[in-house]
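Data first, discussion second: the structure below is written as structure tokens.
Values reported hereafter were calculated over all heavy atoms of this structure, with side chains retained and with hydrogens, waters and symmetry mates removed. Letters A, B, ... mirror the listed sequences (proteins, then strands); counts begin at 1.
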Amino acid sequence: MFKKEKNNLNSESGEVRTRVAPSPTGPMHIATARVALYNYIFAKQNNGKFILRIEDTDLERSKQEWTDEIIADLKWLGTNWDEGPDIGGKFGPYKQSQKADVYEKYIKKLLNEGKAYHCFCSEEELEAKRQDQMTRGVAPIYDGKCSKLSSEEVAKNLAEGKKSVIRFKVEKKKVKFHDLICGEVEFDMGLLGDIVIAKNLQTALFHFTVVVDDYEMKISHIIRGDDHLSNTARQILIQEALGFPRPIYAHCPMILNPDRSKMSKRKNDVALASYIKKGYLPEAIINFIALLGWNPGTEREIFSLYELEKEFSLEKVQKAGAVFNIQKLDNINGYYIREKSIEKLTELCLPYLIEAGLLEKFNGDQKIVSTGEEITKLKLEKIISAYKERLKKLSEIVELTDFFFKDKLTYEKELLQWQKMSDTDIKDSLLLCDNILSKLDDGAGEWNIKKMEEILFPEILKFNIKKNYPENNKGFVMWPLRVALSGKKASASPFEIAEILGKEKTLQRIKDAINLL
RNA sequence: GGCCCCGUCGUCUAGCCUGGUCUAGGACAUCAGAUUUUCAUUCUGGUAACCCGGGUUCAAAUCCCGGCGGGGUCACCA
């Protein structure tokens with residue numbers, strides 16, 4: 001792949017204005033998030049404006065709830081838009097559904113100038129023709145039948161109320177345009193049929209509304225997905241017919257499934273909302289999607305949104321699609337989790353613990369655990385702290401720490417076994433823990449990790465000698481203790497857990513384990 | 001099928017424009033080791049790629065041509 005030639009990224013004159021134009025027909029796609037990010041950053045670095053436009057012309061499929069989700073998602077990412085209708089002092093999104101009159105004006109203009117025409121072909125008729133073309137191995141395009149209708153026939157059909165759509169006459173010529181990412185692109189429009197730009201005067205369709213809105217919103221740069229590359233030529237033709245200036249285009253490569261097809265919900269989780277729910281941090285998502293198809297040309301990989309505004313450049317965006325690699329996302333997310341302060345991380349984890357029913361309600365600083373017991377903010381922070389390094393995503397906090405919030409633990413007794421210990425050995429080991437740890441004076445502040453190590457470690461040595469275990473292998477005591485306290489084979493240090501659990505609960509759990517044997 | 005785009009480790013990529021410094025660099029994943037009571041973190045090391053074939057050249061991942069492969073798009077969706 002060759003480097004794109006350098007471009008003056010600013011439009012000829014005036015302000016840089018970019019937009020993201022999702023359609024609210026489902027959850028916001030992760031690819032939309034990336035396109036939004038690129039548009040946002042590009043606008044920021046050029047002192048321009050970033051705009052959100054909801055493309056809800058398809059009334060049947062568009063839903064307000066999805067619009068709400070798009071808004072929430074964008075805010076979550078931190079890619080706020082700079083303009084829009086006033087909604088209680090804040091910027092709302094522009095919505096195409098509210099602009100029918102504007103589109104109608106332009107549709108009429110094209111109709112009057114003979115650049116568009118009414119088409120009375122039925123969908124069945126069209127479908128049949130398409131099938132025929134396909135079987136003959138020709139490109140399935142509209143034959144332009146209705147463009148040949150006389151104005152009398154059209155008037156007659158219209159008067160009869162015959163169902164029609166409005167088609168744009170596609171000029172049979174080559175359309176060439178420059179793309180900031182793809183370079184020079186050329187399409188032969190002779191290969192395309194006349195496109196439907198509106199179902200009727202009141203209902204304009206995608207290709208048309210995009211062109212009109214980008215003009216009316218004075219969009220200077222259109223940064224969007226690669227899948228729109230071939231749409232661009234048609235839209236340029238509509239622009240020309242309407243006498244609009246041509247914006248600057250930049251088509252980003254697709255985000256791919258592992259099999260290299262366009263990332264789709266059938267093969268992947270594509271909704272940004274679902275990543276939010278799983279507990280990915282906005283910093284991580286931003287960083288990760290920015291890197292999907294772009295890199296700074298250095299070996300640096302960690303970027304905040306603010307830093308991206310400084311470093312990002314469209315020239316360094318790849319032309320090839322990029323596979324969405326969840327492992328890399330997890331890695332970056334883990335990094336940002338580790339970067340969080342304990343206070344902040346605890347706050348972020350709280351909703352997950354509550355949703356899982358581990359924590360019930362708040363009582364000022366005290367949180368009520370599902371068992372009815374109260375837990376202090378400090379203790380909660382200790383729990384989170386113990387698991388900070390193990391967290392890849394926030395939702396994992398539940399399975400990692402649930403045992404802190406339960407009364408009784410359930411686990412297989414086999415789990416208590418370290419190497420080839422017999423039940424008696426395990427019992428002896430646990431009895432040792434019970435015996436030694438119970439000596440610690442809780443009231444005197446002795447119940448802490450340091451003290452536990454101090455008194456138990458020498459005893460482990462003796463225990464190992466007595467049992468003929470390798471002297472330095474603390475596992476013969478620590479492993480059964482870990483399982484007794486957590487019920488899990490992977491956990492934080494048993495002492496760390498014991499300290500958080502407190503003396504009473506710790507000893508109780510050790511006894512519970514002994515009873516299992 | 002037509003048209004368009006793309007092709008460096010498994011994945012994201014640096015290098016390509018301006019050929020030699022590339023025995024191809026980094027990151028994730030993976031493997032091994034260190035630390036450790038487990039997992040994780042951290043650190044060290046390893047395995048692993050220029051799609052193929054021609055051509056140009058003293059020299060090609062880099063330039064040219066041809067194949068092959070992958071993807072996108074061809075709606076009264078966006």
Side-chain angles (χ1 to χ4, degrees), chain A residues 1-6 21-25 55-58 60-62 96 119 121-123 126-127 130 133-142 163-167 179 182-183 185-188 190-193 195-200 203 205-207 209-210 225-231 233 251 253-254 256 258-262 288 291-301 318-332 334 338 387-392 400 418 460 472-483 486 488-495:
Chain A
M1 191 188 73
F2 319 130
K3 190 161 278 180
K4 278 79 60 175
E5 75 259 39
K6 294 248 192 275
S23 93
T25 53
E55 306 222 319
D56 53 354
T57 49
D58 186 338
E60 280 176 28
R61 296 199 305 148
S62 299
Q96 292 189 325
C119 171
C121 298
S122 72
E123 288 187 57
L126 258 20
E127 186 53 35
R130 249 198 301 275
Q133 285 166 324
M134 290 287 249
T135 50
R136 291 204 330 260
V138 221
I141 59 172
Y142 181 62
K163 202 170 172 294
S164 70
V165 295
I166 296 153
R167 278 185 194 272
D179 187 282
C182 302
V185 189
E186 189 183 75
F187 285 96
D188 184 357
L191 271 13
L192 248 41
I195 49 183
V196 179
I197 53 169
K199 292 194 185 198
N200 53 56
T203 318
L205 260 14
F206 171 69
H207 285 299
T209 58
V210 165
D226 227 354
D227 45 351
H228 283 298
L229 196 60
S230 54
N231 287 335
H251 287 89
M254 310 265 77
L256 275 22
D259 66 3
R260 304 204 75 83
S261 58
K262 182 172 159 183
F288 174 68
L291 252 22
L292 228 40
W294 170 84
N295 80 87
T298 66
E299 285 176 3
R300 184 174 169 198
E301 292 203 316
Q318 302 291 319
K319 292 167 110 174
V323 172
F324 188 89
N325 182 197
I326 195 93
Q327 288 166 325
K328 180 100 179 184
L329 208 209
D330 283 349
N331 177 272
I332 293 177
R338 274 173 261 130
Y387 282 87
K388 189 178 180 181
E389 284 173 354
R390 279 157 254 252
L391 268 186
K392 288 268 181 284
L400 251 23
W418 175 249
I460 292 176
N472 290 321
N473 191 332
K474 299 192 186 78
F476 294 99
V477 174
M478 297 303 270
W479 180 269
L481 180 59
R482 163 197 326 289
V483 174
S486 69
K488 296 180 198 297
K489 60 178 177 223
S491 77
S493 149
F495 293 156

**Asked** Between N295(A) and A14(B), does any side-chain N or O lie under 4.0 Å from OP1 or OP2?
**Response** yes

**Message:** Between G15(B) and C22(B), how far apart are the two C1' atoms, rounded to whole Å?
**Reply:** 8 Å

**Message:** If the cut-off is 4.0 Å, is K319(A) near the phosphate of C6(B), judged by side-chain N/O to OP1 or OP2?
**Reply:** yes

**Prompt:** With sequence neighbours left out, what residues match F288(A) under ring-ring contact (aromatic ring centres under 6.0 Å, His included)?
**Reply:** F324(A)

**Message:** Taking the C1' atom in each of G70(B) and C52(B), what is the distance between them to the nearest angstrom?
**Reply:** 15 Å

**Message:** In this structure, how many angstroms lie between the C1' atom of U30(B) and the CD1 atom of I326(A), rounded?
**Reply:** 18 Å

**Prompt:** Got a sec, which residues hit salt bridge (charged side-chain N to carboxylate O under 4.0 Å, His left out) with E127(A), two or more places apart in sequence or on another chain?
**Reply:** R130(A)

**Request:** For G7(B) versus C12(B), give the span between their C1' atoms, rounded off to a whole number of Å.
**Result:** 15 Å

**Message:** I'd like to check the side chain to side chain donor-acceptor pair (under 3.5 Å) partners of S491(A); sequence neighbours left out, ordered by chain and number.
**Reply:** R482(A)

**Message:** Across nucleotides 34-42 of chain B, 5' to 3', mark each nucleotide with B, S or - according to how protein heavy atoms within less than 4.0 Å reach it.
**Reply:** ---BBBBSS

**Prompt:** P atom, C63(B) versus G1(B): distance in rounded Å?
**Reply:** 29 Å

**Asked** Taking all non-hydrogen atoms of both residues, which atom of M478(A) and which atom of P494(A) are closest, and how far apart?
**Response** O-CG, 3.6 Å

**Message:** Between P on U11(B) and CD on Q327(A), what's the gap in Å once rounded to a whole number?
**Reply:** 12 Å

**Prompt:** Going by heavy atoms in the side chains, are N295(A) and Q318(A) under 4.5 Å from each other?
**Reply:** yes

**Request:** Would you kindly give the CG-to-P distance between N325(A) and U30(B), to the nearest whole Å?
**Result:** 11 Å

**Item:** G33(B) to A49(B) separation - C1' atoms, rounded to the nearest Å
**Value:** 26 Å

**Fill in**
For W479(A), the ring-ring contact (aromatic ring centres under 6.0 Å, His included) test, sequence neighbours excluded, returns W418(A)

**Asked** U30(B) and G10(B): how far apart are their P atoms, nearest whole angstrom?
**Response** 16 Å

**Message:** Can you measure E186(A) atom CD to C4(B) atom P for me and round it to whole angstrom units?
**Reply:** 8 Å

**Message:** Using a heavy-atom cut-off of 4.0 Å across all strands, would you classify G293(A) as base, sugar-phosphate, or nothing?
**Reply:** sugar-phosphate

**Request:** Using the C1' atoms only, state how far C9(B) lies from A29(B), rounded to an integer number of Å.
**Result:** 11 Å

**Prompt:** Do the side chains of D226(A) and C182(A) get nearer than 4.5 Å, heavy atoms only?
**Reply:** yes

**Request:** Can you sort out the partners of Y142(A) under ring-ring contact (aromatic ring centres under 6.0 Å, His included), two or more places apart, ordered by chain and number?
**Result:** none

**Request:** Could you pull out all residues at least two apart from D56(A) that satisfy side chain to side chain donor-acceptor pair (under 3.5 Å)?
**Result:** S97(A)

Can you give me the N/O atom pairs linking the protein to nucleotides 18-25 of chain B at distances under 3.5 Å, or say none if there are none?
unit_1	atom_1	unit_2	atom_2	d
G25(B)	O2'	E299(A)	OE2	3.2

**Asked** For U44(B), which nucleotide in any strand shown is its Watson-Crick or wobble partner with both distances under 3.5 Å?
**Response** A32(B)

**Prompt:** Who passes side chain to side chain donor-acceptor pair (under 3.5 Å) against K488(A), sequence neighbours left out?
**Reply:** D402(A)

**Message:** What's the gap between G53(B) and G69(B) when it is taken at their P atoms, as a whole Å value?
**Reply:** 16 Å

**Message:** I'd like to check the side chain to side chain donor-acceptor pair (under 3.5 Å) partners of T57(A); sequence neighbours left out, ordered by chain and number.
**Reply:** none

**Listed nucleotide nearest any side-chain atom of E301(A), set A14(B), A27(B), C12(B)** = A27(B)

**Asked** Using a cut-off of 4.0 Å between protein heavy atoms and nucleotide atoms, how would you tag nucleotides 65-78 of chain B 5' to 3' with B, S and -?
**Response** -----SSSSSSBBB

**Asked** Rounded to the nearest Å, what distance is computed from the CG atom of residue D330(A) to the C1' atom of nucleotide U30(B)?
**Response** 15 Å

**Complete:** Using Watson-Crick geometry (N1-N3 plus N6-O4 or O6-N4) or G-U wobble (N1-O2, O6-N3), each under 3.5 Å, A61(B) is paired with none

**Fill in**
By the Watson-Crick or G-U definition, both distances under 3.5 Å, G69(B) is matched with C6(B)

**Prompt:** Under 3.5 Å, is there a donor-acceptor pair between the side chain of E55(A) and the main chain of Q96(A)?
**Reply:** no

**Prompt:** Which residues satisfy the ring-ring contact (aromatic ring centres under 6.0 Å, His included) test with F206(A), sequence neighbours excluded?
**Reply:** H228(A)

